[in-house]
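Below, chain A is the first sequence line, B the second, and so on; all start at residue 1. Given the structure is predicted, the values throughout are model-derived calculations rather than measurements.
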Protein chains: 2
Amino acid sequence: MTAHGEGERDAAGQPANVPSGSPESIAVPAARERARAIPEAAVARLAVYLRVLSGLDERGTTTVSSEELAAFAGVNSAKLRKDLSYIGSYGTRGVGYEVSVLIGQIERTLGLTKKHRVAVVGIGNLGHALANYGGFLNRGFPVAALFDLDPDLLDVPVGGIPVSAVDDIVDVCRDREVTIGVIATPAEGAQEVCDRLVEGGVVCILNFAPVVLRVPEHVEVRKVDLAVEMQILSFHVARRNQEAAVVPGIAGGTDAGPPGDRVNGNGNSKSALERGDVDGMVVRP
Amino acid sequence: MTAHGEGERDAAGQPANVPSGSPESIAVPAARERARAIPEAAVARLAVYLRVLSGLDERGTTTVSSEELAAFAGVNSAKLRKDLSYIGSYGTRGVGYEVSVLIGQIERTLGLTKKHRVAVVGIGNLGHALANYGGFLNRGFPVAALFDLDPDLLDVPVGGIPVSAVDDIVDVCRDREVTIGVIATPAEGAQEVCDRLVEGGVVCILNFAPVVLRVPEHVEVRKVDLAVEMQILSFHVARRNQEAAVVPGIAGGTDAGPPGDRVNGNGNSKSALERGDVDGMVVRP
DNA sequence: TGCTGTGAACCGTTTCACAGCT
DNA sequence: AGCTGTGAAACGGTTCACAGCA
């Protein structure tokens with residue numbers, strides 16, 4: 001879970017203040033420093049805390065201790081406090097944190113005070129799901145444009161927004177000031193789509209296509225790859241089976257399993273949702 | 001969790017299977033040790049290498065150097081070599097790696113030689129996308145069951161598999177020997193669904209619902225949270241804007257951008273797809 | 001000569017433990 | 001008395017640089 005997608009070999013990732021003889025190098029503004037200073041891993045968790053806090057807020061809770069909040073978020077309290085310390089000191093010693101204050105500060109830190117217009121490219125099953133998904137995109141991330149190659153989809157409204165042609169990506173994105181692009185196309189088209197999004201002014205891309213995208217330095221890419229997730233799980237199944245085959249007692253695969261529950265702080269993929277649903281359906285067993 | 005000092009000493013890449021009939025005393029099987037020893041981050045990248053290798057294989061390439069493969073996968077060659085070293089020594093010094101050998105070894109390591117039956121719970125937009133998504137689930141991960149609460153969906157086939165009731169999760173999963181569960185329900189139902197899946201014998205869960213799941217020790221959970229991904233991107237947009245506001249030259253938001261391209265090795269979310277599409281649509285600009 | 005495999009240095013993240021405030 | 005905020009230690013993963021082998 002590293003952070004940035006470093007360049008290649010040496011290339012000298014000159015992130016912060018590398019005294020490479022630059023002119024006004026040293027005196028970098030505090031705000032920028034602050035933002036840069038927050039570890040990527042912490043940023044991901046802040047989003048989780050935010051979701052939990054929103055839930056508490058709705059339930060009328062006004063104060064939480066680091067211990068409580070940590071439990072809800074599935075991390076330990078020390079980590080939580082350290083994470084929060086990156087954004088400032090907004091707790092009260094001996095008491096805890098005020099929910100509303102924390103929400104505000106995290107939102108500010110994550111840049112959620114500004115709405116980021118989103119474009120979804122590739123209106124297949126997944127793109128459809130994303131476009132319709134009111135619970136997440138519309139919550140601070142309004143979908144401003146949809147694109148697909150299929151002529152049959154042209155102008156068909158999905159989730160209220162008519163589908164545009166991929167050829168118009170650059171113009172439409174510029175027009176509607178899209179800052180975040182979501183690529184839900186097959187692998188083949190992805191790089192091309194990516195290039196156009198970038199040309200259209202998009203600075204961040206969420207990539208669902210199974211390809212490594214090439215982007216200019218100033219563009220941030222995050223990738224979500226379902227196949228990789230599955231394969232990682234597969235690895236764990238295999239590992240488990242190996243262990244089971246060795247440990248005398250539990251040999252079967254589908255036994256009830258040991259006692260103690262484990263809260264899934266979930267190391268890997270970052271995650272959280274500000275609120276709502278993953279989807280438009282209704283499941284409530 | 002684990003601490004144990006890994007014994008590097010395995011010069012001769014010793015095949016997976018360990019004579020399990022032997023004394024179950026101290027001697028912890030090498031295979032188990034090996035599997036345990038591979039860092040999670042490396043596992044995720046192995047999946048990426050596998051995808052790239054499959055592509056090379058299809059194109060008829062038989063040999064790659066670490067440098068080439070690394071370039072395709074968006075990582076640096078040292079990391080790639082270290083990752084591959086975790087699974088054994090299958091390269092030839094002075095030459096490189098044989099594609100087919102590497103594919104075989106990675107598949108073995110990831111446990112892809114065995115098919116893992118998958119159940120998808122929550123057949124909304126996202127669940128639909130997952131169920132229909134031939135490119136990823138069917139490739140070594142056959143969808144064996146679908147579940148939803150909605151009575152209207154009952155028995156309706158989606159992607160060829162009829163939807164079952166969530167009440168039947170336990171029985172159906174046991175019956176069809178499902179090992180991996182995918183939760184694509186809203187947050188509310190997720191924990192309940194998770195519990196049932198576990199009861200039904202599922203050992204790995206891919207969770208799209210914005211909740212921290214509680215699971216028994218022996219169950220592995222990975223979470224994919226679109227909202228968190230978006231918020232992380234939002235953070236980067238904000239950071240970028242801050243920088244832009246400070247750096248004299250580039251002040252605008254949507255300028256063409258600096259020169260050098262950056263290959264998106266993409267630290268964060270793991271990813272890769274063994275092959276195919278993210279979705280059923282056709283996009284090819 | 002050229003490329004792999006890997007010990008060792010390095011660096012970011014997590015955990016610990018306690019000082020400092022309320 | 002209790003809980004936050006944070007240096008410092010511990011840990012794990014990444015990068016370096018080179019020994020070892022084809």
Side-chain angles (χ1 to χ4, degrees), chain A residues 1-16 18 36-46 49 63-71 73-98 101-102 105 265-268 270, chain B residues 1-13 36-46 49 63-71 73-98 101-102 105 265-268 270:
Chain A
M1 263 120 285
T2 41
H4 298 245
E6 28 98 26
E8 32 265 335
R9 317 201 77 269
D10 48 319
Q14 18 51 323
V18 178
R36 270 206 113 309
I38 304 179
E40 186 84 4
V43 172
R45 286 189 300 265
L46 285 174
Y49 305 152
T63 307
V64 261
S65 67
S66 61
E67 205 72 57
E68 295 169 315
L69 186 49
V75 301
N76 71 12
S77 62
K79 194 189 283 186
L80 179 132
R81 288 201 302 279
K82 177 127 281 191
D83 287 344
L84 293 183
S85 81
Y86 291 125
I87 67 174
S89 298
Y90 301 107
T92 310
R93 288 163 201 246
V95 181
Y97 301 90
E98 201 172 325
V101 172
L102 224 40
Q105 291 305 326
N266 196 301
N268 58 270
K270 292 38 180 303
Chain B
M1 282 208 161
T2 25
H4 86 67
E6 66 136 298
E8 58 285 347
R9 211 62 4 128
D10 76 306
R36 271 204 116 316
I38 304 179
E40 184 87 3
V43 172
R45 285 189 299 266
L46 284 174
Y49 305 153
T63 306
V64 260
S65 66
S66 61
E67 204 71 57
E68 295 169 316
L69 186 48
V75 301
N76 72 13
S77 63
K79 192 188 285 185
L80 179 131
R81 287 201 302 277
K82 174 122 295 177
D83 287 344
L84 292 183
S85 80
Y86 291 125
I87 67 174
S89 298
Y90 301 106
T92 308
R93 290 168 200 245
V95 181
Y97 302 89
E98 202 172 323
V101 171
L102 225 40
Q105 291 305 326
N266 196 300
N268 59 270
K270 292 42 180 301

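For the pair B:S66 and C:dC3, the criterion of a side-chain N or O lying under 4.0 Å from OP1 or OP2 is not met. Residue B:Y97 places at least one side-chain N or O under 4.0 Å from the OP1 or OP2 atom of C:dG5. Side-chain N/O atoms of A:R45 include one lying less than 4.0 angstrom from OP1 or OP2 on C:dT14. Proximity of A:N76 to the phosphate of C:dT14: no side-chain N or O atom is located under 4.0 Å from OP1 or OP2. Taking 4.0 angstrom as the limit, B:Y86 places none of its side-chain polar atoms (N or O) nearer than this to OP1 or OP2 of D:dT14.
Taking only side-chain atoms of B:R81, from C-beta outward, the nucleotide of D:dG5, D:dA17, C:dT13 with the closest atom is D:dA17.
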Quiz item: side chain to side chain contact (heavy atoms under 4.5 Å, CB included) between A:L102 and A:Y49: does it pass, once the steps are laid out?
Solution: CA-CA 9 Å; A:L102 224 40; A:Y49 305 152; over 6 Å; no
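A heavy-atom distance below 4.5 Å is not found between the side chains of B:Y86 and B:V43.
Residue B:Q105 comes nearest to B:Y90 through the heavy atom pair OE1-OH, 3.2 Å, listed as atom of the first residue, atom of the second, then distance.
In this structure A:T63 satisfies the side chain to side chain contact (heavy atoms under 4.5 Å, CB included) test together with A:V95, sequence neighbours excluded. Residues satisfying the side chain to side chain contact (heavy atoms under 4.5 Å, CB included) test with A:E68, not counting sequence neighbours, are A:V64, A:S65.
Sorted by first and then second residue, the pairs that involve residues 83-92 of chain A and meet salt bridge (Lys or Arg N to Asp or Glu O under 4.0 Å), not counting sequence neighbours, are A:R45-A:D83.
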Quick one: which protein N/O atoms are closer than 3.5 Å to N/O atoms of nucleotides 20-22 of chain C? Pair and distance per line, please.
unit_1	atom_1	unit_2	atom_2	d
C:dG20	N3	A:R93	NH1	3.1
C:dT22	O4'	A:R93	O	3.1

Between protein and nucleic acid, restricted to nucleotides 8-10 of chain D and to nitrogen or oxygen atoms under 3.5 Å apart, what atom pairs and distances do you find?
unit_1	atom_1	unit_2	atom_2	d
D:dA8	N6	A:K82	NZ	3.4

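Rounded to an integer number of Å, the gap from A:D83 CG to D:dT4 C1' is 14 Å.
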Quiz prompt | Watson-Crick and G-U pairing of DNA chain C written in dot-bracket, each distance under 3.5 angstrom, with | for inter-strand partners | solution = ||||||||||||||||||||||
